[in-house]
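Please read the structure below before turning to the comments.
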Amino acid sequence: NPKFAKFGAKIANETNTEIKKKIQNVVGASTGDYLKQLINNEIYDGKIRNDLPEDFLYSIFLFMMSNFNDFLISAGIKIDVNNEDKIMNYIKYYMDFMKNGLSK
């Protein structure tokens, strides 16, 4: 969603650490609850492996999503709204990688 990408870019570029921490606390709490429920539902529906502990799955997904900006930066991709198309493509690649891994 382009609106979320723009919002994420604004948060990533926020220089006031107090504001950034408040935003992450609010967004992070609701995101965490949503992610736990999503993982639970996907396991129940057979879309996510059920042979790994839910806590592990939650932690690895949360880590991967919360470090996505760092990933973009390390890939040399500038995080800003003018770079939205490239960021959206990398989000698609990232999600595909999480779903399918490296195997053919």
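What you see is a predicted model, and the numbers here were worked out from it, not measured in a lab. All residue numbers in this chain count up from 1 along the given sequence.
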Check: Partners of Tyr90 by ring pair (Phe, Tyr, Trp, His ring centres under 6.0 Å), sequence neighbours excluded?
Finding: Tyr93

Next item on the list: With sequence neighbours excluded, tell me which residues meet side-chain contact (heavy atoms from CB on, under 4.5 Å) with Met95.
Entry: Met65, Ile91, Met98

Item checked: Where Asn67 and Phe63 come nearest, the two heavy atoms and their spacing -> ND2-O, 2.7 Å

Check: Taking only residues two or more places apart in sequence or in another chain, which ones pass ring pair (Phe, Tyr, Trp, His ring centres under 6.0 Å) with Phe97?
Finding: none

Under 3.5 Å donor-acceptor pairs involving side-chain atoms of residues 38-50, not counting sequence neighbours:
unit_1: Asn41; atom_1: OD1; unit_2: Gln37; atom_2: NE2; d: 2.9
unit_1: Asn41; atom_1: ND2; unit_2: Gln37; atom_2: O; d: 3.4
unit_1: Arg49; atom_1: NE; unit_2: Asp51; atom_2: OD1; d: 2.9
unit_1: Arg49; atom_1: NH2; unit_2: Asp51; atom_2: OD2; d: 2.9

Next item on the list: Apply side chain to side chain donor-acceptor pair (under 3.5 Å) to Asp96 and list each qualifying residue two or more places apart in sequence or on a separate chain.
Entry: Asn100

Item checked: Results of salt bridge (charged side-chain N to carboxylate O under 4.0 Å, His left out) for Lys86 - residues two or more places apart only -> none

Next item on the list: With rounding to the nearest 0.5 Å, note down the distance linking CZ in Phe68 to CD1 in Ile87.
Entry: 7.5 Å

